[in-house]
Amino acid sequence: MENFTIYNPTTLHFGKDVLANLGLILKEYGSKVLLVYGKGSVKSSGLYDQVKGYLEQDGLEVFEYGGIKSNPVIEDVDGAAEVGRKNQVDMILAVGGGSVIDSAKIISVTIPVTHTGWDFFSGKARAVKAVPLVAVLTLAATGSEMNPFAVVSNHALGQKAAFGSPLTFPKHSFLDPRLTISVPRDYTAYGIADLIAHCFEAWFGNGEASLSDRFVISIVKEAMEFGPLLLNDLTNYDLRARIMFAATMALNGTTMYGRSSGDWGVHSAGHILSLLYDVPHGASLTIVYPAWMRHFKAQIPGRIAELGTRLFDTPLTADQSIDRIENFFLSIGCPVRLSGMNISATSPQAIIDGMVSNKVNGAALKFGEGEYEALVGRFYQ
Ligand code: NZQ
Ligand code: ZN
C-alpha cells in the first residue's frame, strides 16, 4: 500500500428538501452571490426560480452567469469571472451538472486575480485564493460535487485539460436526488458509465490497495445493479438516490486511498472525442474503455480478469471480462464504437493528432510510439 493523505473539506447535504438550508449556509460567506448555471434545464425544471426564491428570501444579492455548455469552454469561465469581479461577489453558487460546477471552480480562483482562467490549466498561474463555492448538483455523474477537479476545453488551443487544487473543493454541495429526475435517459446512462469509469481508473492505477479495490467493486456493483433498474424507471426517487450517492463516492477520494495514482488514460483519450466532436463525457468513456482494455490486455491480463470475475461473480478470463463490460455499456444504451454516436465519418488522423498534441496517456499504462493508431482503430472496428 502507498502512503496517502485524506483531505476532503466538502460538506455534503444529501436527500429530499436539503435545499431549504441553502440561503442560511450562503449567508455565512457574505451577501453577494454569483449564480452560475447551464443552458436551460434549470429554468425548464423550475429549479432556477426555486433557488432564486431561497436566496432572495434570505436577503442575498444575486448576480448571474448562465449558458455554460456541456463540455464547458474557457470563454464562459472568463466571462463569468468578469461578472464576479465587477460586482465583487462574496461567493459562487453553481447550479447544474459537472460542466457548471467545474467551470465554477475555475471562476472561483480566477475572480481574485488578474489571470485568465486558462492560466491555471497552462501552469502560468497557481491557485492562491478562491471565492467560496457552493454547488447544487442536478446530474449524477462526475463527482465534481465532492472533489477539487475541473475539466475545461480551450478550442483555440485544441485542448481539453484538467486542473485541481485544495482550494477548488466546493465548501458545500447540495444533492437532492429529486433534482436529477428530469435528466433524460441518455445522460442518465452516461452518468452511470462515468461513475463506473472513475472506479476503473482507480482499479487500473498505481499501487496495491485491497480495501480501496473492494470500494471499487462495491460502487461498480451498485451501479450495475441499480443503473439498469433506474433506466427503466427514471422517476424513481430511491433509484435516483442510489446512483447519485454512488457517483459521488466514485470520485471523492474513497477509491484512491493506498494508491499513488489512478490511471486516467481512458479519460485522457475520451476528452479528445469530446473536444473534437462534442461527445458527451460518459459516452466518450464507453467508446474508449473496451478499446483500451483490449489494447493493454497482454500487459495486465490478470487485473482485467480479476475485475470481471469480481464484478460478475463468476470466473472470467480477460477477454470474457472485456466482453461482459462492453455488453453492459451497450445494454444501458451507451455507445462502444464511434458509429454508436453517429460520428463514424470522423477522421482517425484528427483523433490521433489530438492525442499527440494533448499528450494523451495514463499514469500506469503508457502508450508507446505508434500506439495511438492501434487504439483509435478499435473505436471503429
Ligand atoms: O446545460 P443544461 O441545460 O443544464 O443541460 C445539461 C446538459 O445538457 C443537462 N442537465 C443537467 N442537469 C439536468 C439536465 N437536464 C435535465 N435535468 C437536469 N436535472 O445535462 C447535460 C449534461 O450536463 P453536464 O454538466 O455537461 O454533464 P456532466 O455532469 O456529465 O459533466 C460533464 C463534464 O464534467 C467533466 C467532463 O469532462 C465534462 O466536461 N468531468 C469532470 C470531472 C470532475 N470534476 O471531477 C471528472 C469527470 O471525469 C469529467 O471529466
Ligand atoms: Zn469521468
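We count ligands from 1, going down the list as the structure has it; atoms in each ligand are counted the same way. Any value given below was found using the heavy atoms of this structure, including those in side chains, with hydrogens, waters and symmetry copies removed.
- Note: an N/O pair closer than 3.5 Å links S70 and ligand 1 by distance alone.
- Residue G40 has at least one N or O atom closer than 3.5 Å to an N or O atom of ligand 1.
- Taking the six-membered ring for Trp, Y289 and F200 have ring centres closer than 6.0 Å.
- Remark: aromatic rings of Y37 and Y65 are distant, center separation not under 6.0 Å.
- The protein heavy atom nearest to atom 4 (O) of ligand 1 is S41 OG, 2.7 Å.
- The shortest N/O to N/O separation between T180 and ligand 1 does not fall below 3.5 Å.
- Atom 20 (O) of ligand 1 has its closest protein heavy atom at L139 CD1, 3.3 Å.
- Annotation: G98 places an N or O atom under 3.5 Å from an N or O atom of ligand 1; distance criterion only.
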Starting from the C-alpha separation in whole Å, work towards a yes-or-no answer on side chain to side chain contact (heavy atoms under 4.5 Å, CB included) for L137 and L179. CA-CA 8 Å; L137 183 67; L179 299 180; over 6 Å; no
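- Under a 4.0 angstrom heavy-atom cut-off, K69 registers as lying outside contact with ligand 1.
- Taking only nitrogen or oxygen atoms, main chain and side chain alike, G38 does not reach within less than 3.5 Å of ligand 1.
- Ranking protein heavy atoms by distance to atom 22 (C) of ligand 1, first place goes to Y187 CE2, 3.4 Å.
- Taking all heavy atoms of T168, T138, N252 into account, the minimum distance to atom 12 (N) of ligand 1 is reached by T138.
- Of the protein's heavy atoms, H281 CG, 3.6 Å lies nearest to atom 36 (C) of ligand 1.
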Carefully, step by step, assess T317 and D319 under the rule side-chain hydrogen bond (donor to acceptor under 3.5 Å, both in side chains). CA-CA 5 Å; T317 63; D319 280 319; 5.2 Å; no
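- Closest to atom 17 (N) of ligand 1 among all protein heavy atoms lies S182 OG, 2.8 Å.
- D17 has a carboxylate O that lies under 4.0 Å from a charged side-chain N of R178, or vice versa, which qualifies the two as a salt bridge.
- Among the backbone and side-chain atoms of D194, an N/O/S atom is found under 2.8 Å from the Zn ion (ligand 2).
- For the pairing with L26, the side-chain contact (heavy atoms from CB on, under 4.5 Å) check across I92, L60, D90, D58 returns one residue only, L60.
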